[in-house]
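The structure presented is a predicted model; accordingly, all values stated were derived computationally and were not measured. When a residue number appears, it is its place in the shown sequence, counting from 1.
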Amino acid sequence: MFRHMAALQQVARRSICSSARRQVDNKVPQKQKLFQEDNGMPIHLKGGSTDALLYRATMALTVLGVGYTLYELLKAAFPQKRD
């Protein structure tokens with residue numbers, strides 16, 4: 001039993017360690033150039049449409065959260081009277 005487990009561990013280790021590594025392009029210089037150029041756009045929107053979408057979603061959730069918080073505070077400040 002132990003021999004089978006050891007063989008399985010060796011096969012698993014070999015397939016993970018000896019797999020060919022994928023080459024990844026270095027995109028840092030292009031991103032630095034994009035983010036450092038002076039085009040009048042705020043830094044948090046220079047990433048493109050994804051950044052704009054994330055920014056708008058964050059602002060919408062913030063406004064909804066503040067509104068809900070104010071609603072709950074007002075509801076707690078003026079409790080309903082029980083008859």
Side-chain angles (χ1 to χ4, degrees):
M1 178 73 176
F2 180 72
R3 195 174 347 151
H4 296 297
M5 292 295 286
L8 180 63
Q9 287 176 347
Q10 185 178 7
V11 169
R13 190 179 309 124
R14 186 177 302 142
S15 66
I16 291 173
C17 296
S18 64
S19 62
R21 293 186 181 244
R22 193 180 84 185
Q23 291 293 327
V24 178
D25 293 333
N26 185 8
K27 297 179 183 178
V28 173
Q30 292 92 7
K31 292 290 185 180
Q32 284 178 339
K33 186 177 178 184
L34 172 73
F35 282 97
Q36 289 177 355
E37 70 183 26
D38 187 20
N39 58 3
M41 190 180 295
I43 191 71
H44 59 273
L45 296 177
K46 283 190 177 183
S49 60
T50 304
D51 282 351
L53 180 67
L54 287 172
Y55 175 74
R56 288 186 181 129
T58 303
M59 287 299 113
L61 286 172
T62 302
V63 168
L64 288 172
V66 168
Y68 184 70
T69 302
L70 291 175
Y71 168 74
E72 288 295 327
L73 283 172
L74 284 173
K75 194 168 79 169
F78 301 109
Q80 295 178 350
K81 294 182 180 180
R82 296 182 186 207
D83 289 331

Under the side-chain contact (heavy atoms from CB on, under 4.5 Å) test, residues paired with [X] that sit two or more places apart:
| X | result |
| --- | --- |
| V24 | R22 |
| N39 | E37, M41, K46 |
| Y68 | Y71, E72 |
| P42 | H44, L45 |

Which heavy atom of A77 sits nearest a heavy atom of P79, and at what distance?
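Scanning both residues completely, I find the closest heavy atoms to be O-CD, 3.3 Å.
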How does the hydrophobic cluster around L74 look, that is, which other residues are in it when side-chain heavy atoms under 4.5 Å mark a link?
F78
Through direct or indirect side-chain contacts below 4.5 angstrom among Ile, Leu, Val, Met, Phe, Trp and Tyr, which residues connect to F35?
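Same cluster as F35: L34, I43.
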Working to the nearest 0.5 angstrom, can you tell me the gap between M59 CE and L54 CG?
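Separation between the atoms: 11.0 Å.
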